[in-house]
Amino acid sequence: VNDASLADPRRQAAASWGTPLWVTDLDDATANLARYRAAFPGALIAYAVKANADPQLLRRLVNEGAGCEVVTGLELALARRAGCPPERIVMNGVGRTDDELRTALASGALVNAESLDDLSVLVALAGGFDRPRIGLRLNPALDAETHPHLATGAAAAKFGISLADLPAALDMLRGARLSLAALGAHIGSDIGGTAAHLALVDRLADAAATASSAGLAPERIDIGGGFASAEPAALDAIADAAGARLGRHRLICEPGRSLVADVGWLVTRVLRVQPRADAGLTYLVADAGMTDLLRPVLYGADHPVALLSAGEALPPATRVDLAGPVCEAGDVLSRDLGRWLSPAELARAGRGALLAIGRAGAYGAAMSTTYNGRPRAAEVVVEDGIPRLSRRRETLDDLLARDL
Ligand SMILES: Cc1ncc(COP(=O)(O)O)c(C=O)c1O
């Protein structure tokens, strides 16, 4: 991703629609999708809608051939609204209502059971539908190297049917004369390297063999998402292993972050400078905060920062941190900006400076809240270098709309 080529659209967008502002480059998101398609030809690439449900982004990815991974009835509706055909929709979710499951089965989407309990409800509901597509999401008991809150495939995590319960799950499907539409797992998020995904391929190959010998060969194998980025060498390594061990199965991948994280920015303006001489620290207080980008305080996530246009002079300081305006001491968006900005840039990062927080395209806007009476920021998408509004900024009327 070439920051310089987007400098203008991000600045232009801030001038047109104000800050804080999300800016997502759809051409770069499509390039990330193309990396998956090149590594996994013939696979269903089901974009995890939870990462970023910007309507223009969804439409573009679906138009480029992506499917959608969804976890609620509303996400299912967003996927359908973006034009995604049901055969390209995969639904997961550890606690869905019977209504959500009924809607998903009726739509023709693939619905994965996350527990034996879940499967018993799905099997009971399935009789009412012509061609229910039910899959199993397993818990592969794999500890991926990531933040504990993101390790969804660990043995103690709440997600997926444990491997020991696979035979019981297969019995339930067989008893109901249902086929196994997919067998898969999702081991977490923001996972670097390939070791965890390679181990996953092995576990899934063993599980697929168990299912096949029980007479329920899975129609597809779902390796989930979780890659930190769409790095071709890493994707190729997983694809090679999958080819070797799962060759005859069609694959599903469920990437979220790696399609959109590095193509999205949170653009924000510095409102105030707060020196803390005793702590050897100066805070830049911006108009974006943890209500916009929750990841730093929730996961200790480290986001890069770029200077888009200079503000007032900033007195020299040992360390400069970027904080938000929210009434929480933990509301810090990025620590030690000297890691990202040159001394000359830092010297002009005072009041009025326009900053872009990077790697913010995944689980950024999607996790934003209205805490402290802060309306959710507008969302802009960029195509061919041209920014356009995709979601307007929330207003007081929006915040009041549910009040009786
Ligand atoms: C079931 C499932 N699939 C896919 C994803 C996407 O993960 P990532 O954004 O890390 O690729 C998630 C994210 O939590 C998930 O829960």
Side-chain angles (χ1 to χ4, degrees), residues 24 29 32-33 35-36 39-40 43-54 57-58 61 66-72 74-76 78-79 84 88-96 100 104 109-115 118 135-140 142-154 157-161 181-194 196-197 200 204 220-231 234-235 238 251-264 294-295 298-299 301 359-367:
T24 307
N32 282 336
L33 175 63
R35 293 190 178 107
Y36 271 90
F40 299 97
L44 168 64
I45 312 298
Y47 167 62
V49 170
K50 64 177 85 68
N52 186 335
D54 180 290
L57 171 69
L58 281 189
L61 289 175
C68 290
E69 187 269 343
V70 302
V71 291
T72 58
L74 272 187
E75 279 192 349
L76 175 64
L78 292 179
C84 191
R88 298 206 317 240
I89 299 180
V90 181
M91 189 197 226
N92 294 299
V94 76
R96 294 157 294 185
E100 281 178 310
L110 165 65
V111 186
N112 287 328
E114 294 242 15
S115 60
D118 211 18
L136 302 177
R137 176 179 175 182
L138 299 174
N139 179 320
L142 281 173
D143 278 317
E145 257 185 57
T146 186
H147 189 281
H149 293 177
L150 297 174
T152 57
K158 67 184 171 185
F159 302 98
I161 295 170
L183 186 65
H186 168 72
I187 53 173
S189 196
D190 216 359
I191 301 167
T194 55
H197 283 91
L200 171 66
L204 289 178
R220 288 177 177 265
I221 296 287
D222 185 344
I223 64 169
F227 287 104
S229 65
E231 215 248 291
L235 299 185
I238 307 309
L251 290 184
I252 301 175
C253 306
E254 302 175 354
R257 157 178 315 285
S258 51
L259 291 190
V260 295
D262 62 354
V263 309
L294 187 59
R295 301 190 70 255
L298 189 61
Y299 305 128
R359 290 189 55 72
Y363 309 104
M367 286 182 141

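Counting begins at 1 with the first residue of the sequence. Each ligand, and each atom within it, is numbered from 1 in the order the structure gives.
Considering backbone and side-chain atoms together, Y363 places an N or O closer than 3.5 Å to an N or O of ligand 1.
Using a 4.0 Å cut-off to heavy atoms of R137, the atoms of ligand 1 that qualify are 1 (C). Short contacts between ligand 1 and G256, defined as distances under 4.0 Å to a heavy atom of the residue, involve ligand atoms 6 (C), 8 (P), 9 (O), 11 (O). Listed by number with element, the atoms of ligand 1 under 4.0 Å from a non-hydrogen atom of R257 are 8 (P), 9 (O), 11 (O).
Atom 10 (O) of ligand 1 has as its closest protein heavy atom S189 OG, 2.5 Å. Protein heavy atom closest to atom 5 (C) of ligand 1, with residue, atom name and distance, is H186 CE1, 3.3 Å. Nearest to atom 16 (O) of ligand 1 among the protein's heavy atoms is K50 NZ, 3.3 Å. Of the protein's heavy atoms, E254 OE1, 2.6 Å lies nearest to atom 3 (N) of ligand 1.
Considering only heavy atoms from C-beta on, R220 stays 4.5 Å or farther from L110 through its side chain. Looking at heavy atoms from C-beta onward, L298 lies out of side-chain contact with Y363 at the 4.5 angstrom threshold. With contacts defined as side-chain heavy-atom distances shorter than 4.5 Å, the pair L44/V90 qualifies. The side-chain heavy atoms of L57 and Y47, taken from C-beta on, include a pair separated by under 4.5 Å. You'll find the side chain of L200 reaches within 4.5 Å of the side chain of I223, heavy atoms only. The closest side-chain heavy-atom distance from N32 to D262 is below 4.5 Å. For the pair H186 and E69, the minimum side-chain heavy-atom distance is 4.5 Å or more.
Judged by the shortest distance from any of its heavy atoms, P255 lies inside the 4.0 Å radius around the atoms of ligand 1. Using 4.0 Å as the threshold, G226 has a heavy atom nearer than that to some atom of ligand 1. Residue N92 places a heavy atom less than 4.0 Å from ligand 1.
Residue-level proximity to ligand 1 for F159 is absent, since no heavy atom of it falls below 4.0 angstrom.
Listed for the E100 side chain is no donor-acceptor partner under 3.5 Å among the backbone atoms of T72.
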